[in-house]
Amino acid sequence: MMKWAAVLMLLCGLAHADDGTQRAQRAGKTLIGQPGPAATLTSIDGQRIDLAALYGKQPVYLKFWATWCKPCNEQAPEFEKLYQQYSKRIAVVAVNTGYSETEADVRAFQAKYKLHMPVVIDDGSLAGKLNLRVTPQHVIIDASGRIVHVGHLDDKALRDALEKVATTKPAAGAIPLTPQGSAPATFKTGDRVTGISITTLAGKKLSFGPGKPRTLVFFSPWCVSYLRDTRPAVSAACERVRIESEKLSKERGSEWLAISSPLWTSRAELADYAKQHRTTIPLALDENGDVFRAFGVQNIPTVITLDGQGRISKVTTP
């Protein structure tokens, strides 16, 4: 019996890895060959990293990860070895997703695995520019400043890409960079929300503004199941909010909308979630994370209430 249990766990792990690989490949389709993002990052230790200033000088390896992510933990020791191997030839940056994380969580992870590369906590903006869909997600930018690899696994493709960019000189001529621009303002309590819209799974486009009061539930459909072991308190909060939201949505005082992050979630998976839980609240997938960023949501579940004037009246987080 134990033997078959071990085999089943192995098969589940392989299926999860294959799924992550496919998601990363889809995320990379529009990125490969494109210029790297012009973004300035600040590590948790105060180091400033100007990505645009590195292009044309040396390659860049950005690894997106989360402390609650099981394969991220599994890959961490080898990630440090890769840093030690390539740090003099490649700018290696560990980019924490900032999704349901605290700085204390990130520092504990850094200390546990003795990571020496710069560690950055993303606010969602870099993830948006690089189509973050899985954790971990590896992004390699060559010395000329073009994206050459997007992946999920620590595999031969990753190792080959690192070796290639480490030993290839930058091509002549500067590549065109997309202007970084200023980050859009994040709405806070008391602000009137404008210029934000999203389309539900049913195809209805909703614009936030004056009208009937609205309650927005920010979540991920895998929160309860996946985080049960790694973040049990968050998992419990997700389940509690799901149940309470369904009850409260029956009242006529407010329109409800549940908005899912695109991380590890597709429209089909969100539809399956709605069917499984017999959800009556309309669901929407925040395809590029724009709505999450507009409201400054970095923790799930988060519930935001808008009054009849479209102003944020209350924000509730775990």
Side-chain angles (χ1 to χ4, degrees), residues 97-102 122-125 127-128 181-224 233-263 265-267 269-318:
T97 63
Y99 192 65
S100 280
E101 300 274 28
T102 66
D122 187 31
D123 63 359
S125 57
S182 56
T186 299
F187 296 112
K188 296 179 173 56
T189 303
D191 290 346
R192 177 177 288 174
V193 178
T194 58
I196 302 295
S197 63
I198 195 168
T199 302
T200 69
L201 286 182
K204 183 179 180 180
K205 184 176 181 179
L206 300 176
S207 297
F208 304 143
K212 193 172 183 180
R214 179 170 282 143
T215 302
L216 309 177
V217 181
F218 292 85
F219 79 112
S220 283
W222 43 263
C223 174
V224 175
V234 176
S235 173
C238 286
E239 179 69 358
R240 183 173 65 252
V241 167
R242 182 187 68 79
I243 295 172
E244 291 179 355
S245 296
E246 282 292 331
K247 292 179 180 178
L248 293 173
S249 67
K250 303 297 190 296
E251 300 176 3
R252 297 181 180 274
S254 179
E255 291 183 348
W256 286 68
L257 175 66
I259 304 173
S260 170
S261 160
L263 189 64
T265 304
S266 66
R267 291 179 64 84
E269 287 163 334
L270 193 56
D272 288 342
Y273 170 89
K275 184 177 181 180
Q276 176 188 351
H277 294 286
R278 299 179 181 178
T279 303
T280 60
I281 297 174
L283 302 180
L285 180 64
D286 188 12
E287 301 275 3
N288 298 308
D290 294 336
V291 181
F292 267 71
R293 287 193 294 277
F295 286 95
V297 175
Q298 290 184 283
N299 292 291
I300 53 171
T302 291
V303 181
I304 295 179
T305 304
L306 307 180
D307 65 19
Q309 299 303 312
R311 291 189 177 90
I312 299 176
S313 58
K314 187 177 181 181
V315 178
T316 305
T317 57

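Here the straight-line distance linking atom CG of Leu263 with atom OG1 of Thr97 works out to 6.5 Å at 0.5 Å rounding. In this structure, CD1 in Ile304 is found 12.5 Å from NZ in Lys314, a value given to the nearest 0.5 Å.
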Decide yes or no on side chain to side chain contact (heavy atoms under 4.5 Å, CB included) for Phe208 and Leu257, but give the supporting numbers first. CA-CA 11 Å; Phe208 304 143; Leu257 175 66; 4.1 Å; yes
Apply the test side chain to side chain contact (heavy atoms under 4.5 Å, CB included) to residues Ile281 and Ser245: give CA-CA distance (whole Å), side-chain angles for both, the deciding distance (0.1 Å), then the verdict. CA-CA 8 Å; Ile281 297 174; Ser245 296; 3.7 Å; yes
Derivation of the salt bridge (charged side-chain N to carboxylate O under 4.0 Å, His left out) call for Arg242 and Glu239: CA-CA 5 Å; Arg242 182 187 68 79; Glu239 179 69 358; 3.1 Å; yes
Output, in order, the C-alpha distance, side-chain angles, deciding distance and verdict of side chain to side chain contact (heavy atoms under 4.5 Å, CB included) for Thr280 and Ser249. CA-CA 8 Å; Thr280 60; Ser249 67; 4.1 Å; yes
With side chain to side chain contact (heavy atoms under 4.5 Å, CB included) as the test, would you mind laying out the steps for Tyr99 and Ile300 before giving the verdict? CA-CA 8 Å; Tyr99 192 65; Ile300 53 171; 3.2 Å; yes
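By the side chain to side chain contact (heavy atoms under 4.5 Å, CB included) test, Asp290 pairs with Asp286, Asn288, Arg293, sequence neighbours left out.
At least one side-chain heavy atom of Ile312 sits less than 4.5 Å from a side-chain heavy atom of Phe295. Counting heavy atoms from C-beta on, the side chains of Leu206 and Arg214 come closer than 4.5 Å. For the pair Arg267 and Glu287, the minimum side-chain heavy-atom distance is below 4.5 Å. Side-chain contact check for Val297 versus Ile259: every heavy-atom pair is 4.5 Å or farther apart. Two residues are said to be in side-chain contact when any heavy atoms from C-beta on lie closer than 4.5 Å; Val234 and Cys223 meet this criterion.
Aromatic ring pairs are classed by plane angle as parallel below 30°, tilted from 30° to 60° and perpendicular above 60°; the pair Phe219 and Tyr273 is tilted.
The main-chain N or O of Thr317 is never found under 3.5 Å from a side-chain atom of Asn299 such that the two would form a donor-acceptor pair. Side-chain N or O atoms of Ser220 include none that pairs as donor or acceptor with a backbone N or O of Trp222 at under 3.5 Å. Of the possible polar contacts, one joining the Ser266 side chain to the Glu269 backbone as a donor-acceptor pair under 3.5 Å is found.
The pair Lys250-Glu246 meets the salt-bridge criterion, with a side-chain N (NZ, NE, NH1 or NH2) lying under 4.0 Å from an Asp/Glu carboxylate O.
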Listed pairs under 3.5 Å, donor-acceptor, residues 187-198 side chains, sequence neighbours left out:
unit_1, atom_1, unit_2, atom_2, d
Asp191, OD2, Lys188, N, 2.8
Arg192, NE, Gln309, O, 3.3

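More than 12 heavy atoms of other shown residues, nucleotides or ligands fall within 6.0 angstrom of atom NZ in Lys212. With a 6.0 Å radius and a threshold of 12 heavy atoms from other residues, nucleotides or ligands, Lys205 has its NZ atom at or below the threshold.
Closest non-hydrogen pair, Gly308 versus Pro213, comes out as N-CG, 4.0 Å.
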